[in-house]
Amino acid sequence: MTSLPLAVDPLFVGGVGLEEVLIVALKVGVAFAMLMVSVMLMIWFERKLHADMTNRMGPTITGPFGLLQTLADGIKLFFKEDLLPNDERGDSAIFRLAPYLTLIPAFLIFTVVPIGGDFDNADGKVSWWGNTTQLQIADPPVGILFVLALSSLAVYGIMLAGWSSGSKYPLFGSVRASAQMVSYEAALGLSLVAVLVKSGTLSTHDIVAGQADGWNWNLWMTGFIPFIVFLIASTAELNRPPFDLVEAEQEIVGGFHTEYSSIRFALFFLGEYMNVVTMSAIMVTLFFGGPDGPIPFFESFGWAWGILWFMLKVLAFCFTFVWFRAALPRFRYDQLMDLGWKLLIPLSLGWIVALVALDLAASEGWNRPLVAVICFAGLMLMGTLLNAAVQSGKRKRLAGEGFD
Amino acid sequence: MELTSTWYLVLAAILFALGATGLLVRRNPLIMFMCVELMLNAVNLTFVTFGNDLNDLGGEISVFFVLVVAAAEVVIGLAIIVAIMRRRNEATADDLSALRG
Amino acid sequence: MEFVVFIIAGLLAIIGALGLIGFKNPVHSALSLVLSLFAVAVLFLNQDAQFLAAVQVIVYAGAIVVLFLFVIMLLGVDQAEDLSVEPIAGQRPIALAIGAGVLALSVLFISVAADGGATGQQSVTAEKVDSITGTAQSATAALGDNQTDGTETIPNIEQLGRTLFTDYVFAFEVTALLLTIAVVGAVMLARKPKGELAPLPVIPGRSGTTDETEELEDA
């Protein structure tokens with residue numbers, strides 16, 4: 001039998017002993033603490049920034065600048081009454097399980113994200129007290145597939161939450177939310193394939209190492225389209241505005257978390273924002289080089305500079321998500337589904353074909369501009385045909401003919 | 001105790017037998033379908049075990065195709081069940097004999 | 001170490017399977033199936049099939065069971081089944097006997113195969129290289145078992161990709177066609193029928209079906 005594919009982390013080369021276990025436990029502790037603190041700060045950041053963008057003030061009373069508001073909210077929620085649905089109409093066992101199904105994948109995705117490290121000089125590895133390791137909890141050879149798998153599992157929490165509440169609005173909200181998440185997962189995966197075509201590897205460490213030069217970021221190496229598709233798809237995946245029809249108060253009361261109160265609601269809230277932070281981290285890893293950035297001074301602390309640049313980039317993405325909330329009106333549900341299936345999926349699929357054709361042209365020595373023009377023309381043609389089909393279907397549907 | 005492939009094969013056999021028993025006992029069409037999926041999983045485990053044992057990638061390739069075909073089968077099967085059960089709310093497998101002639 | 005993982009994952013898989021056939025509520029059954037699928041994915045990982053483990057979770061646990069749950073939730077089939085009623089007399093003991101028989105036959109076959117009686121070394125279609133130590137462990141490959149032999153470690157997914165697109169590309173294309181057919185079939189089956197619905201056939205022994213759709217407007 002083969003050895004367990006633990007990781008490609010140099011920490012495990014000599015086998016797994018007590019020292020290795022302690023180091024991994026330390027990494028897990030630090031990452032968990034970092035994630036929790038960043039989630040709390042993200043909630044505060046969203047409220048303050050959204051207030052600023054809508055000409056209000058946001059939390060100001062609890063703590064300096066209202067920083068402790070999240071903590072205060074958590075404590076308040078802790079003391080509320082815990083309501084459980086009746087077992088005849090709902091299902092209390094699954095009601096209790098559902099928030100954890102949203103929370104756990106969010107944290108697990110964060111385990112494969114490289115948080116820091118100096119990728120220009122030291123290949124992202126740090127050496128402390130004789131042990132070399134990478135600044136991420138795990139680096140499985142199929143890291144990105146692991147991310148996709150866990151984001152597929154996040155659908156369960158929302159679906160089961162709505163169903164187990166035993167009431168109309170949560171059920172509608174959860175069915176729509178899970179349909180939305182499943183549709184945009186396809187677009188997410190396809191835009192990821194464009195990154196994989198360029199990086200040639202599924203391990204997050206190697207993806208970041210491949211972008212280490214500063215001018216090698218996947219953002220422009222894949223063209224900008226995969227990044228835009230990934231951004232839109234992940235916004236929909238996270239149920240964030242403008243795709244938050246399923247949990248918007250003006251539409252459907254609370255959607256899938258209508259019946260949740262006290263700590264369980266806090267868990268959902270926590271899970272949603274943790275997902276935001278984690279998805280931003282994944283986007284930074286895939287498209288923006290992760291911890292890559294210039295190291296002006298203190299070269300021996302290159303890994304700390306990596307952490308700083310990583311945090312700044314994740315902050316930029318969190319800002320973008322709040323900006324979306326403040327600036328964009330909500331999508332209607334059918335517009336949302338149309339966007340996912342009829343625009344994003346064909347676009348990312350066509351882009352993958354174009355990227356691969358260009359790669360092949362480079363390696364076979366064909367005339368690259370000519371191949372680029374042919375690809376562009378092909379994409380335009382396919383886009384026109386698809387649009388014609390969609391419009392004709394829409395006309396027939398509006399005329400009441402149905403499928404025939 | 002050495003972990004040989006026999007352990008995996010016995011586990012797969014147990015899962016398969018459990019799936020078969022479930023398929024014969026339950027009457028809800030959806031649960032019967034899920035038991036079929038369990039049996040397919042047991043077979044996948046067998047394939048991977050043999051592939052690993054003989055150092056043949058054919059095992060993993062077979063699992064890949066079984067997975068895809070199972071997905072297609074679930075899509076069609078559920079569509080059929082939905083089409084039938086739209087009209088009867090509590091249909092069980094015993095009632096789906098309207099086609100017999 | 002692998003033994004411990006195997007024992008834990010194996011136990012979880014069996015518990016999941018027992019839950020699947022034991023729970024009355026279909027949603028609980030579906031969640032037990034997810035547990036079982038997860039355990040099987042861990043077992044795949046234990047055998048160096050990393051891509052398959054990930055795909056198992058993505059496709060089976062993340063899409064197929066979600067589809068099942070959709071149908072269960074939307075069709076309201078979550079009325080718990082009455083497990084104490086047997087439509088065919090003696091169905092349950094016969095089913096248990098058949099299950100035990102299947103298990104006995106499989107274990108018998110395995111004990112024969114474990115002595116090398118049923119497999120042949122010459123049927124290897126594609127050589128699999130261990131993606132961590134870089135060696136092929138079969139007797140037909142004469143590499144040393146030391147990583148510093150100069151053999152490269154080829155990731156499992158790269159080997160799989162190469163084999164899939166060279167040796168098995170025809171099967172791949174046919175499978176893609178199959179998926180397209182499945183999608184078209186599902187869309188066709190899900191159409192609302194136009195015009196009059198055919199009358200429901202009468203089921204002997206049932207007092208009448210609760211067919212509400214004939215009273216409402218074609219909802």
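Chain naming here is simple, since letters A, B, ... match the order of the sequence lines and numbering starts at 1 in each. Heavy-atom basis, side chains included; hydrogens, waters and symmetry copies ignored. All figures in this text were calculated on a predicted structure; none of them were measured in a lab.
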Search all heavy atoms of [X] against all heavy atoms of [Y] and return the closest pair with its distance.
X	Y	answer
C:Gly99	B:Thr21	CA-OG1, 3.4 Å
C:Ala182	B:Ile76	O-CD1, 3.4 Å
B:Met34	C:Ala30	SD-CA, 3.6 Å
C:Lys24	B:Arg26	O-NH2, 3.7 Å
C:Gln47	B:Thr49	NE2-CA, 3.4 Å
B:Gly22	C:Ile21	CA-CG2, 3.4 Å

Point-to-point distance, once rounded to the nearest 0.5 Å, from [atom1] of [X] to [atom2] of [Y]:
X	Y	atom1	atom2	value
B:Leu9	C:Phe109	CG	CZ	9.0 Å
B:Ile31	C:Leu20	CD1	CG	7.0 Å
C:Leu189	B:Leu78	CG	CG	11.0 Å
B:Phe64	C:Phe51	CZ	CZ	5.5 Å
C:Leu103	B:Leu18	CG	CG	8.0 Å
B:Leu30	C:Ile72	CG	CD1	5.5 Å

(message) Donor-acceptor pair, distance only, cut-off 3.5 Å: does the side chain of C:Arg92 make one with the backbone of B:Val25?
(response)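 Here the side-chain-to-backbone pair does not exist.
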
Given the options [options], which has more heavy-atom pairs under 4.5 Å with chain B than any of the others?
options	answer
C:Ile181, C:Val40, C:Val183, C:Leu33	C:Leu33
C:Val55, C:Leu160, C:Leu105, C:Leu96	C:Leu160
C:Phe172, C:Tyr60, C:Phe70	C:Tyr60

(message) Before you tell me yes or no, could you show the steps for C:Leu37 and B:Asn41 under side chain to side chain contact (heavy atoms under 4.5 Å, CB included), namely the whole-Å CA-CA distance, both residues' side-chain angles and the distance that decides it to 0.1 Å?
(response) CA-CA 8 Å; C:Leu37 294 174; B:Asn41 260 289; 2.7 Å; yes

(message) If you count every heavy atom of other residues, nucleotides or ligands that lies below 6.0 Å from C:Phe6 atom CZ, does the total exceed 12?
(response) yes

(message) Give the interface residues of residues 62-69 of chain C toward chain B, defined by a heavy-atom separation under 4.5 Å.
(response)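 Within residues 62-69 of chain C, the residues that come under 4.5 Å of chain B (heavy atoms only) are C:Ile64, C:Leu67, C:Phe68.
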
(request) Could you tell me which residues satisfy side chain to side chain donor-acceptor pair (under 3.5 Å) with B:Glu73, sequence neighbours excluded, listed by chain and number? (result)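 With neighbours one apart ignored, the set is empty.
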
(message) In the structure I gave you, are the side-chain heavy atoms of C:Ile14 and B:Leu11 within less than 4.5 Å of one another anywhere?
(response)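 They are in side-chain contact.
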
(request) Find out whether B:Phe65 and C:Val174 are in side-chain contact, i.e. whether some heavy atom of one side chain is under 4.5 Å from a heavy atom of the other. (result)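 No, their side chains stay 4.5 Å or more apart.
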
(message) Using heavy-atom distances under 4.5 Å, tell me whether B:Ile80 contacts chain C through its side chain, its backbone, both, or neither.
(response) both

(message) At a 4.5 Å cut-off on heavy atoms, which part of C:Ile98 comes close to chain B: side chain, backbone, both, or neither?
(response)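 Only the side chain of C:Ile98 comes within 4.5 Å of chain B.
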
(message) Less than 4.5 Å to any heavy atom of chain B: does that hold for the side chain of C:Leu52, its backbone, both, or neither?
(response) side chain

